[in-house]
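Order of the sequence lines sets the chain letters (A, B, ...), proteins ahead of strands, with each chain counted from 1. Quick caveat, the model's predicted, so the values are computed rather than measured. Note that these values count all heavy atoms, side chains included, but never hydrogens, waters or copies made by symmetry.
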Amino acid sequence: MIEIQNLTKRFGPVAAVTDLSLTVRPGEVLGFLGPNGAGKSTTMKMATGYLAPDQGTARICGHDIVSDTIAAQQRLGYLPEGAPAYGEMTPREFLHFIAGVRNLAGADARAATERAIAGAELKAVLDQPIETLSKGFRRRVGLAQAILHDPDVLILDEPTDGLDPNQKHAVRSLIRGMAKDKTIIISTHLLEEVEAICTRAVIIDQGRIVADATPADLAARAPSGRLDDVFRQLTTRDTAMTGAAA
Amino acid sequence: MSMLWPVFSREFKSYFATPLAFVFIVIFLFAMGAFTFYLGHFYDNGVADLSVFFGYHPWLYLFLVPALAMRLWAEERRSGTMELLLTLPIPLWATVLGKFLAAWAFAGLALILTFPIWITVNYLGNPDNGVILASYIGSFLMAGAYLSIGACVSSATSNQVIAFIISVVACFLFTISGAPLVLDAFRSWAPLPLVEAISSFSFLMHFSAITSGVIDLRDVIFFFSLIGLFLYANMLIVDLRKSG
């Protein structure tokens, strides 16, 4: 369960996220949508403890990310934007490091690593340095890292960015397979992805929630019945204005 | 405590994943040898001790240790792994300490690899091995102090070159703070206790006290408190930058 309460973050004069509240329950896959710069990544960075919010907080399974950071992070799997990983390590070494940090040792660590490798389909590249891997494989290394300890809460920033259609399909079925008992937030630019795997879609623009509904309900708001028309309707006017102001 | 080990071992291994470890150790050993034998006239002195060798350590560390420390945090920021590292359930003190200890262990390894010179001097004469051991310990402590400064500076920037240059300057000031060059600038106007305080920060003074063969607790405490101070500052900087 993720409870985001009144999160606010300003970078100098720019309000990145303003008073954003959101509760996601187990079994939900929430698609986090919004134009570039809307505050998706900033929200995720605050919810995972990387950025300190100016106001508000997030609770991960009841643990406050600001005051009880480590306990909250233990229950959390996070794929940061761009799937950063130590380039000089191989996926095997990298996942071994993650297992150590996740307090897994011996047989537990081996089982968890095997499961993550199978889930992210990394077998073919296990012993190549991560910096030599394609964008798609790197993304899957990041995904394997996030799911390694079988967390209750998953926050994935653009998990399918840079993947080919087959890989996208594989990652989506992986997420769908885990969705039953986990709380999942994914951010994405791909509206068809929301329709494919999300049970709920939240659109944010300029740091505020502008829509929160099931993908089907949201799509029904446009005469055409298409989600991207609704998305454009809700976000273009504002972005046009920011563009002019900038 | 259990988090310290994964951080330490990943960081330590990362030195060997690139040619950095090899290049560093070769240059370190080569420079040590060149300084001792050519500049220091090790053979001509006709004395079987290593004071010449240890005398060059502060000056070599001045450039080599910041090179070792500059990547500790700057590289994480540049490559984006900082976000991964800080969202893993590792207490910040364990990250800071683990990284520092890895760099310190690496510096220790380079130092141990200078052992042929110890064998040489024992072959040539009968040096006081107690003094040599004390000097090695002092040199290791001093390397740690330089490293903590470098780690702290590295945490404030994502640019390794900037981290290197600022560290060298900071380390230089600590090295020579007991020298006339620095003290004369203060002596004319500052009260005596301040001048003495500044000169007591001199690495050279504490290190040469140890290389004379006496490990005085005060010198050991000096180096450890300096390390503690800079690692604490390192933690504060990382924490502060979380607020964007």
Side-chain angles (χ1 to χ4, degrees), chain A residues 9-12 14 16 41-42 44-54 60 63 65-66 68-90 93-94 96-105 129-131 141-142 145-146 148-149 151 155 157, chain B residues 1-24 71-99 101-103 106 155 158 160 235-244:
Chain A
K9 184 78 195 173
R10 303 181 67 86
F11 295 111
V14 184
S41 291
T42 307
M44 291 179 154
K45 285 179 164 106
M46 286 192 281
T48 52
Y50 178 61
L51 270 181
D54 293 340
I60 309 291
H63 297 275
I65 194 75
V66 176
D68 194 9
T69 314
I70 301 297
Q73 287 175 337
Q74 278 166 347
R75 284 153 184 88
L76 182 74
Y78 176 42
L79 173 71
E81 193 179 12
Y86 295 103
E88 78 278 0
M89 297 176 107
T90 67
E93 292 164 346
F94 181 62
H96 178 77
F97 163 67
I98 297 294
V101 168
R102 295 291 184 185
N103 248 329
L104 296 163
I130 293 171
E131 62 198 359
V141 171
Q145 164 275 124
L148 184 98
H149 56 303
I155 296 182
D157 203 346
Chain B
M1 214 56 193
S2 62
M3 291 298 107
L4 203 54
W5 174 249
V7 175
F8 172 87
S9 68
R10 192 207 65 74
E11 194 71 44
F12 189 74
K13 279 183 212 151
S14 77
Y15 281 108
F16 296 92
T18 59
L20 179 73
F22 181 72
V23 169
F24 181 88
R71 48 175 289 289
L72 278 178
W73 293 93
E75 174 66 15
E76 300 259 6
R77 271 192 210 288
R78 197 196 51 77
S79 70
T81 46
M82 192 77 162
E83 185 167 354
L84 178 78
L85 191 66
L86 294 184
T87 53
L88 289 168
I90 316 170
L92 189 53
W93 66 264
T95 312
V96 168
L97 192 62
K99 276 175 165 292
L101 289 178
F106 183 79
S155 69
S158 57
Q160 296 196 26
M235 259 177 76
L236 288 184
I237 291 172
V238 174
D239 205 42
L240 207 68
R241 295 200 52 162
K242 269 181 153 185
S243 344

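Proximity to chain B (any heavy atom under 4.5 Å) is shown, for A:Met46, by neither the backbone nor the side chain. Proximity to chain A (any heavy atom under 4.5 Å) is restricted, for B:Ser79, to the backbone atoms N, CA, C and O. Heavy atoms of A:Gln145 lying under 4.5 Å from chain B belong exclusively to its side chain. With a threshold of 4.5 angstrom between heavy atoms, A:Ile98 approaches chain B through side-chain atoms but not through N, CA, C or O.
B:Leu88 CG to A:Tyr78 OH: the interatomic distance, rounded to the nearest 0.5 Å, is 11.5 Å. Atoms NZ and OG1, from B:Lys242 and A:Thr69 in turn, are 5.5 Å apart once rounded to the nearest 0.5 Å. Atoms CD and CZ, from B:Glu11 and A:Phe97 in turn, are 9.0 Å apart once rounded to the nearest 0.5 Å. Distance check, rounded to the nearest 0.5 Å: NZ of B:Lys13 to CE of A:Met89 gives 6.5 Å.
A 6.0 Å sphere centred on CZ of B:Phe22 holds no more than 12 heavy atoms belonging to other residues, nucleotides or ligands. More than 12 non-hydrogen atoms from other residues, nucleotides or ligands lie less than 6.0 angstrom from NE2 of A:His149.
Pairing each heavy atom of A:Glu88 with each of B:Ala17, the nearest pair is CG-CB, 3.3 Å. Closest of all the heavy-atom pairs between B:Leu84 and A:Pro84 is CD2-O, 4.0 Å.
Residues in residues 73-84 of chain B take part in these salt bridge (Lys or Arg N to Asp or Glu O under 4.0 Å) pairs, two or more places apart or across chains: A:Lys45-B:Glu83, B:Arg10-B:Glu76, B:Glu75-B:Arg78, B:Glu76-B:Lys99.
The backbone N or O of B:Leu86 sits less than 3.5 Å from a side-chain atom of A:Gln73, completing a donor-acceptor pair.
Legend: residues meeting salt bridge (Lys or Arg N to Asp or Glu O under 4.0 Å) with A:Arg75, ordered by chain and number and at least two apart, are absent.
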